Amino acid sequence: LWWAHSPPTRLPRLPPAAAGSGPVGPCGRRAYAPPAERKRFYQNVSISQGEGGFEINLDHRKLKTPQAKLFTVPSEALAIAVATEWDSQKDTIKFYTMHLTTLCNTALDNPTQRNKTQLIRAAVKFLETDTVCYRVEEPPALAELQKNEWDPVVAWAEKRYNVTIGSSTSILGPNIPASTKDTFVSHLASYNMWALQGIEFVITQLKSLILSMSLIDRHITVEKAVLLSRLEEEYQIRRWGNVEWAHDYDLCELRARTAAGTLFVHLCSESSTVKHKLLQD
Amino acid sequence: MAALGAPLRTLRALLRELRHAAGRSYRDSPAYRHVVTSEKLCRAQQELHFQAATYLCLLRSVREHEALHREYHGKGERSPQEVAGLVGFRLPQQPGGKG
C-alpha cells in the first residue's frame, strides 16, 4: 500500500472497477491494479526533497508506489503537480483521474519490465500503423479531410527529422523505410528512461508516433493532437451527431491522458537552472 | 511553434483551474506558488507558455471528465424497486410464507 506506516487494521480492498487495467497475475486477478476509489485519509499534502529526489508527503506519511517503493521524482515541478493531484481529491480519492501519479508509478515500478531498447522499439513500431498515415478512399469528404489535416503534420515530421514517411490507402499501411525507423530510434535514444515511458504512453493514447513527436516538439497543442488523432470520430460526430456520455467522455479522457503524458515527458527531460532574483533594499 | 494565444489568458485560466481544484486555500498550495513565482527561469518563454497551456489542458480535461463520469457513469446499478418503478410497477410485499 501507499504509506510508510500502515494502520494496524488492514483496510478492505475495494473491488477493481472498470477504469484502469494492468497485467493479470497468476491467480487471474489484476496484479498491478490499485482500487479505483477510496476515502481521502490525509489532511495536508506537501513535498520534500530527499536523497533520491522529490517526495510527496500525505500528512506525516511518505507516498509509496504500488510496489511499495518510495515515491521519488527527479523534478520539483513534477512533484508539485503530483502533490496537486493528491490535494485536489475531495471525499474520495479517484485514482483514475490522477494521471501524473500513475505515470510516476509506472516509471518507478516498471511493471512491464521493459528496458530502454524495448520501449523505443515499441514506440517506433507504431509508425507502421500510424493513424495519420492510414488513409481512406471513401467517403470522399473524409478522404479530403484527412488529406487537409494530416498531410501538413506528416510533411512537418519528414522535414524536421529528414525522413521519408508518406501515407497509404492500402490495408497494409505505409511502407516505412528502414532508414526512417533508424532515425527515430536514435532520436528517441536521446531521452532518458522516465521520459521514454511518457513518450510511449502518449503514442499508445494517440495511436500515432508522428502526432506524439509533433506534440513533444511543441509543434501542436494537446487539443490539436487529440483532434487530429480522433479525426474520423469528429467527422462522424459532425455527420451523425454527438453523444455526450460517450464522445465527450472519451474526448476528455484522451485529452487528460495526453496532456499528462506530454507534461510528464517535458518535466522529466528538461534541465533548467533557477536563478534567484536578488532582493534590492 | 504551436498556436497558443496570449500568455496572460493561459495564466488566468490556469489559476482559475487551480482555485477550482484546491478550494479556499489555493493560494497556499505549492502549485499556485510555483506558477506565480518570482524566480527567474532560464528557459525560453514559449516553452514555458506551452507547458502552462498543457497543464491547463490537463486540469480542465480531468475536471470535465470527472463531471461526465459523475453524471453518466457513477450511479451504479438501479435497485429492483427502481427498475420496477421505471414501468410503473411496485414490487410485491413479503411473499406469503416460504416453502
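Chain letters run A, B, ... following the sequence lines, proteins first, then strands; residues in each count from 1. This structure is a prediction, so every number in the text was calculated from the model and none was measured.
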Side chain, backbone, both or neither: which part of B/L18 has a non-hydrogen atom closer than 4.5 Å to chain A? side chain
Are the ring centres of A/Y96 and B/H69 closer than 6.0 Å? yes
Toward chain A, the part of B/H20 with a non-hydrogen atom under 4.5 Å: backbone
Quick one: what part of A/K90 sits under 4.5 Å from any heavy atom of chain B, side chain, backbone, both or neither? side chain
Is there a side-chain contact between A/C104 and A/W194 in this structure, where contact means two heavy atoms from C-beta onward sitting under 4.5 Å apart? yes
B/R60 and B/E64 ion-paired at < 4.0 Å: no
Relative to chain B, which segment of A/A79 carries a heavy atom at a distance below 4.5 Å: side chain, backbone, both, or neither? neither
Quick one: what part of A/A83 sits under 4.5 Å from any heavy atom of chain B, side chain, backbone, both or neither? neither
Parallel, tilted or perpendicular, as decided by the 30° and 60° cut-offs, for the rings of B/H73 and A/W245: perpendicular
CD of A/E253 to NE2 of B/H65: how many Å apart, nearest 0.5 Å? 4.0 Å
Which residue out of A/L263, A/D248, A/V222, A/L254 racks up the most heavy-atom pairs below 4.5 Å with chain B? A/L263
Could you walk me through whether A/E223 and A/R255 pass the salt bridge (Lys or Arg N to Asp or Glu O under 4.0 Å) check? CA-CA 7 Å; A/E223 287 89 343; A/R255 271 191 187 156; 5.5 Å; no
Is it the side chain or the backbone of A/Q89 that comes within 4.5 Å of chain B heavy atoms, both, or neither? neither
Does a salt bridge link A/D87 with A/R40, judged by any charged N lying under 4.0 Å from a carboxylate O? yes
Given heavy-atom pairs under 4.5 angstrom as the criterion, report whether the side chain, backbone, both or neither of A/T84 touches chain B. side chain
Interchain contact, A/L251 with chain B, by part (heavy-atom threshold 4.5 Å): neither
